[in-house]
Amino acid sequence: MPGSRTGRPPVQRVVRRPVAGPPRDNPALRLYTRARRAWDRPLTAYYLILGGSLLITVLGLVMVYSASQITALQMSLPGSFFFRKQFLAAAIGGLLMLAASRMPVKLHRALAYPILAGAVFLMALVQVPGIGMSVNGNQNWISLGGSFQIQPSEFGKLALVLWGADLLARKQDKRLLSQWKHLLVPLVPVAFMLLGLIMLGGDMGTAIILTAILFGLLWLAGAPTRLFAGVLSIAALIGVILIKTSPNRMARLACIGATEPKSGAADCWQAVHGIYALASGGIFGSGLGASVEKWGQLPEAHTDFIFAVTGEELGLAGTLSVLALFAALGYAGIRVAGRTEDPFVRYAAGGVTTWITAQAVINIGAVLGLLPIAGVPLPLFSYGGSALLPTMFAIGLLIAFARDEPAARAALAMRQPRFGRKRGAGGLTGARRWNTMRRRASAARTSGER
């Protein structure tokens, strides 16, 4: 090999391969990471409860207006009659939700016994002749004059949640829940008293929701499996007896999965036309206000079967949106109950979540033909002020509990208000920071730095 001019052997050059740069960022992975970080933020439950409940209520108002027009006109009433009543109830419920969200936990616990006493008194008053009134065969209403009525059993749900949560929390503080008699007494007897008052009027749908709340509280309290199974067996036995002794309830049970209005001896007109409404909606529906079933074919189109009208007018997209909102609300309630260290907050949040979730599942399951028609409204969505007011107060409870988490309190404290007197204070803080930066810059220049 020839040498170089300096007499040294030539240096062999090594061909360097280009160094591989960092792997390209996956957009899907980046989006998943951002979504997970946003999901794990301290205020996620707060925003889900507030935003989800408001969206359900607003969409419910729209659907009540659309579904109730024909019914109102058939009753020689203005087309917006039911919508105006529902809007008034939503406005009052919004004030109750705001008040409940700002109340401290001690005040919620103090209200438990007065709400329970008031609910029991009103539910007993329903059975007094001349005061209580019957609607669709159920003696569970009190007339307030004119077209306004109240259903006290709806407030019994809120009473059981608050009173049961306070009772279990006090017993947990005294370490008494390990004894089965303290776990069941007086929670189960009081719940059975409320169930008895409801069943005197024949409203089994509300009784099922109340039973679900009772089981939810017992589950959160850590009831043993055998004890839980025993109470569940007794409740199931009572339910079977009540169904077997009522031809109306047996007919509703026979309509599960029916595809024809006449399924043997049972009249499944409402259940079948609910399926017709959902089937004719398609993917995106026939358009808001364009429902055909609400023209007298589908009974209770604006109350128990408003989900069917939603499927007909807004299609599968609309019904899935409603389901997603209820799923988000249920997840947020479970998250609040699981992250708190206060036993009352855990029991109350779990009870409210059980109440809303169970009622939504029973209503939607009945519309889909998977469950018997129980006559319970879709929470925050169906027409009915008696159901809307206590539900919105319960949503206010969840908002208060979500705001009361330590991480959520810290996140809310770090937020700078944009308006008001504190903005000036933020401006002074900014001015102080600017003066500090100027002093540091002057000190750097005097030390010879440029």
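What you see below is based on every heavy atom in this structure, not just the backbone, and it leaves out hydrogens, waters and symmetry mates. This chain uses plain numbering: 1 for the first residue, then up along the sequence.
Residue pairs meeting the salt bridge (Lys or Arg N to Asp or Glu O under 4.0 Å) criterion with at least one partner in residues 229-240, sequence neighbours excluded, are absent. The list of salt bridge (Lys or Arg N to Asp or Glu O under 4.0 Å) pairs with a residue in residues 92-119, not counting sequence neighbours, reads Arg109-Asp166. Residues in residues 287-297 take part in these salt bridge (Lys or Arg N to Asp or Glu O under 4.0 Å) pairs, two or more places apart or across chains: Lys294-Glu313.
Arg403 meets the side-chain hydrogen bond (donor to acceptor under 3.5 Å, both in side chains) test with no other residue; sequence neighbours excluded. By the side-chain hydrogen bond (donor to acceptor under 3.5 Å, both in side chains) test, Tyr276 is found to be paired with no residue, residues two or more places apart in sequence or in another chain being considered. For the side-chain hydrogen bond (donor to acceptor under 3.5 Å, both in side chains) test, residues two or more places apart in sequence or in another chain that qualify with Thr303 are Glu300. Not counting sequence neighbours, Phe344 has no partner by the ring-ring contact (aromatic ring centres under 6.0 Å, His included) test. By the ring-ring contact (aromatic ring centres under 6.0 Å, His included) test, Phe215 pairs with Phe228, sequence neighbours left out. Annotation: side-chain hydrogen bond (donor to acceptor under 3.5 Å, both in side chains) contacts of Lys171 (sequence neighbours excluded): none. Arg409 pairs by the salt bridge (Lys or Arg N to Asp or Glu O under 4.0 Å) definition with Asp404, not counting sequence neighbours.
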Under 3.5 Å, which donor-acceptor pairs do the side chains of residues 359-372 form with other protein atoms, sequence neighbours left out?
unit_1 : atom_1 : unit_2 : atom_2 : d
Gln359 : OE1    : Lys157 : NZ     : 2.9
Gln359 : OE1    : Trp355 : NE1    : 3.3
Gln359 : NE2    : Pro377 : O      : 2.9
Asn363 : ND2    : Asp304 : O      : 2.9
Asn363 : ND2    : Val376 : O      : 2.7

Counting only pairs under 3.5 Å, give me each side-chain donor-acceptor contact of residues 172-190, with atom names and distances, residues two or more places apart or in other chains.
unit_1 : atom_1 : unit_2 : atom_2 : d
Gln172 : OE1    : Arg346 : NH2    : 3.2
Gln172 : OE1    : Tyr347 : OH     : 2.5

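Residues Gln297 and Trp269 form a side-chain contact, since some pair of their non-hydrogen atoms from C-beta on lies under 4.5 Å apart. In this structure the side chain of Phe305 reaches within 4.5 angstrom of the side chain of Ile373, judged on heavy atoms.
Around the CD atom of Glu341, the shell of radius 6.0 Å holds no more than 12 heavy atoms that belong to other residues, nucleotides or ligands.
The only option from Val105, Asp342, Val352, Thr340 that meets the side-chain contact (heavy atoms from CB on, under 4.5 Å) definition with Phe401 turns out to be Val105. Considering Thr57, Leu61, Thr310 as possible partners of Phe381, the one that fulfils the side-chain contact (heavy atoms from CB on, under 4.5 Å) test is Thr310.
A side-chain donor from one of Ser291 and Glu312 sits under 3.5 Å from a side-chain acceptor of the other.
Judged by the 6.0 Å and 45° rule, Lys85 forms a cation-pi pair with Phe148.
Here CG of Leu195 is found 5.0 Å from CG of Leu210. Values are rounded to the nearest 0.5 Å. How far CZ of Arg84 is from OG of Ser68: 10.5 Å, rounded to the nearest 0.5 Å. To the nearest 0.5 Å, atom OG1 of residue Thr353 and atom CG of residue Leu397 are 10.5 Å apart. The structure places CG of Leu323 at 9.0 Å from CG of Leu316, a figure rounded to the nearest 0.5 Å.
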